[in-house]
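Working notes for the structure below.
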Amino acid sequence: SSTILAQAPTQHPPCQSRHSISRAAMSTAADPPRQNSRSPRNNSTLPRIVEPHHHFVAASMGTFHGPLQKLGVPDYTPEQLEADMGDLQISKAVHVECIASSGLGEAEYVEQLIATNRTPTKGIVAGCDLSADDVDAELRNLKERAPHVVGIRHILDYDGPFGDAPATHVATTRHLADGTPAPGILGGPGVDFLRHPEAGRKFEAGYALLAKHGLRFDLQCAPAQLDAAAALIARHPDVPVVLDHLAKPRLGGDMAADTEELVKWRRGMTQMAAMKNVYVKLSMLGYAVPGWVDDVEKEALISSLVCEVIDLFGPKRCMFSANWWSGGVMANSDGRDKCDISMTDLWQRYHKWVKERYTDDDLRSLFAESAETFYGI
């Protein structure tokens with residue numbers, strides 16, 4: 001049994017969520033897992049951790065992180081990651097691209113960190129424009145020059161022009177609406193590579209090459225795109241896919257909108273779960289339910305959605321992640337709320353939600369082995 005280090009409930013700094021969560025979302029959630037004491041636990045009670053999704057930022061170098069430099073994102077170094085890990089025992093990690101203007105440049109930078117033992121990273125998910133004419137050569141270069149590259153991410157979440165549609169990611173503005181590269185850095189309105197007829201064909205041609213190069217795909221998209229994404233994945237069953245960040249449902253307090261969002265998300269997740277080459281990262285949960293860190297009802301909601309996904313896909317195709325890169329606010333919510341949380345507390349919350357609901361073997365999968373299996377690390 002685990003050792004209680006403190007009898008008082010864990011105290012968290014007050015935060016201001018920009019969004020309430022509608023009663024529709026609360027009432028349509030799956031049965032919540034058993035809720036345990038929020039007292040902090042000895043880290044030795046946590047299962048072994050493999051972190052499948054973290055980022056370093058080197059915008060000040062002025063080379064491969066041009067978009068982040070334009071957005072004013074500060075650097076995040078291996079030393080900062082080590083400090084944020086505290087006493088957590090993270091045995092392995094996977095670095096995921098972070099809107100790099102040069103996927104190869106970013107991957108080579110991480111390779112240098114690995115070579116000098118500055119990071120527990122064992123695998124790299126590199127950035128690559130899969131719609132580019134020279135994508136085959138780019139994938140080959142990545143494999144040859146960055147041997148730890150195990151997968152590719154091309155951020156796709158689009159639900160309307162950037163600035164008008166909250167679910168559209170700024171990374172999509174690297175392209176114009178027809179899929180051609182935008183002038184300058186982040187100079188376009190964005191493109192839907194999953195649903196645009198012409199742009200989608202070019203993207204799929206690059207996506208299909210991943211199997212040839214032995215690469216996996218990190219799929220980050222909006223729930224409205226899940227139907228199209230599922231159809232793409234079904235056409236290429238030899239490409240292993242992991243859905244980033246719970247597939248990014250976005251609840252915000254409007255009853256009708258939340259109900260519609262959950263319907264779209266559940267329909268898409270059901271299609272995804274039917275394909276055995278698709279896994280899920282359980283991460284960035286404050287994006288789905290802003291404010292859960294400091295609100296018991298919201299925590300019950302997000303934990304129930306997490307367990308719903310685990311039950312749908314099975315523990316061996318789900319993996320927890322802190323999505324860590326600049327601190328708890330951005331790692332947990334991508335800025336949708338102001339709630340801070342430490343990396344240690346985040347992993348402890350994950351453990352609290354699942355430790356009495358699933359077997360020890362399941363927990364080993366959720367915290368480490370699913371990530372190892374998917375990424376081959």
Side-chain angles (χ1 to χ4, degrees), residues 42-65 68-69 73-128 139-153 213-216 218 242 244 281 283 319-328 330-331 342-348 350 364-377:
N42 188 315
N43 290 342
S44 65
T45 68
L46 290 172
R48 180 175 66 92
I49 296 172
V50 172
E51 173 52 79
H53 196 116
H54 78 95
H55 307 290
F56 293 127
V57 179
S60 65
M61 292 176 63
T63 52
F64 52 82
H65 274 159
L68 297 183
Q69 187 177 37
V73 176
D75 287 358
Y76 188 74
T77 67
E79 290 71 32
Q80 288 172 292
L81 176 64
E82 182 178 12
D84 286 341
M85 286 167 53
D87 294 331
L88 285 173
Q89 300 301 309
I90 296 179
S91 60
K92 302 175 186 176
V94 176
H95 182 275
V96 178
E97 69 88 27
C98 197
I99 323 182
S101 48
S102 169
L104 179 59
E106 182 186 52
E108 289 181 323
Y109 167 74
V110 178
E111 287 286 356
Q112 293 174 356
L113 300 179
I114 295 172
T116 53
N117 296 313
R118 292 176 62 192
T119 173
T121 301
K122 303 298 182 185
I124 299 171
V125 175
C128 182
L139 293 173
R140 184 171 58 253
N141 285 338
L142 280 165
K143 290 282 287 184
E144 290 176 353
R145 295 171 59 177
H148 285 89
V149 169
V150 294
I152 295 297
R153 182 170 76 161
H213 293 280
L215 292 167
R216 303 144 185 87
D218 266 60
V242 62
D244 284 357
K281 289 180 182 176
S283 56
M319 58 192 83
F320 279 114
S321 168
N323 181 44
W324 209 262
W325 62 283
S326 72
M330 294 302 293
S342 71
M343 192 189 303
T344 297
D345 192 8
L346 187 56
W347 282 103
Q348 288 172 340
Y350 293 162
R364 286 190 290 269
S365 295
L366 292 167
F367 283 78
E369 292 175 3
S370 294
E372 290 175 314
T373 299
F374 180 77
Y375 284 116
I377 58 173

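Annotation: the span from W324 atom CH2 to D84 atom CG amounts to 6.0 Å, rounded to 0.5 Å. Interatomic distance, D75 CG to Q69 CD, rounded to the nearest 0.5 Å: 9.0 Å. Rounded to the nearest 0.5 angstrom, R153 CZ and I99 CD1 are separated by 7.5 Å. Distance check: L104 CG to L139 CG gives 11.0 Å after rounding to the nearest 0.5 Å. Between the CG atom of D244 and the CG atom of N323 there is a distance of 8.0 Å, given to the nearest 0.5 Å. Here the straight-line distance linking atom CG of L113 with atom OG1 of T121 works out to 7.5 Å at 0.5 Å rounding.
Inter-residue side-chain proximity for L142 and I152 is flagged as met; some heavy-atom pair is nearer than 4.5 Å. A 4.5 Å side-chain heavy-atom check between M330 and V73 finds every atom pair outside the cut-off. Here the side chains of F56 and P78 are in contact, with some heavy-atom distance below 4.5 Å. In this structure the side chain of V150 never reaches within 4.5 angstrom of the side chain of K122, judged on heavy atoms. Side-chain contact check for S101 versus H65: every heavy-atom pair is 4.5 Å or farther apart. For the pair V125/V94, a side-chain contact is recorded, criterion being any heavy-atom separation below 4.5 Å from C-beta on. Within the 4.5 Å cutoff, no side-chain heavy atoms of H53 are placed close to those of S283. Residues Y350 and I49 fail the side-chain proximity criterion, which asks for heavy atoms closer than 4.5 Å.
Considering all non-hydrogen atoms of both residues, P52 and V96 come closest at O-CG2, 4.0 Å. Looking at every heavy atom in both residues, A126 comes nearest to A107 through CB-CB, 4.5 Å. The minimum heavy-atom distance between S102 and G105, with the atom names listed, is OG-N, 2.9 Å. Between W347 and L88, the closest heavy-atom pair is CD1-CD1, 3.6 Å. Nearest heavy-atom pair, A371 versus I377, reported as atom, atom and distance to 0.1 Å: O-CG1, 4.4 Å.
The side chain to side chain donor-acceptor pair (under 3.5 Å) check on Y375 picks up D218, K281, with sequence neighbours excluded. With sequence neighbours left out, the side chain to side chain donor-acceptor pair (under 3.5 Å) criterion links S342 to no other residue. Considering only residues two or more places apart in sequence or on other chains, E372 meets the side chain to side chain donor-acceptor pair (under 3.5 Å) condition with R48, K92. With sequence neighbours left out, N141 forms a side chain to side chain donor-acceptor pair (under 3.5 Å) with no residue at all.
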Checking side chain to side chain contact (heavy atoms under 4.5 Å, CB included) for the pair E369/M319: CA distance, chi angles, key distance, verdict? CA-CA 8 Å; E369 292 175 3; M319 58 192 83; over 6 Å; no
As a quick check of understanding, evaluate side chain to side chain contact (heavy atoms under 4.5 Å, CB included) for L81 and H95, giving each step before the final call. CA-CA 12 Å; L81 176 64; H95 182 275; over 6 Å; no
Stepwise side chain to side chain contact (heavy atoms under 4.5 Å, CB included) test for V57 and S326: CA-CA 9 Å; V57 179; S326 72; over 6 Å; no
Applying side chain to side chain contact (heavy atoms under 4.5 Å, CB included) to I114 and H148, what does each step give before you reach the verdict? CA-CA 9 Å; I114 295 172; H148 285 89; 3.7 Å; yes
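Aromatic ring pairs are classed by plane angle as parallel below 30°, tilted from 30° to 60° and perpendicular above 60°; the pair F320 and F367 is tilted.
Remark: aromatic rings of Y76 and H55 are distant, center separation not under 6.0 Å.
The stretch residues 104-128 participates, sequence neighbours left out, in these ring-ring contact (aromatic ring centres under 6.0 Å, His included) pairs: F64-Y109. Identified under the salt bridge (charged side-chain N to carboxylate O under 4.0 Å, His left out) test for residues 141-150, with sequence neighbours left out: E108-R145.
Distance alone, capped at 3.5 Å, is enough to place a donor-acceptor pair between the E106 side chain and the C98 backbone.
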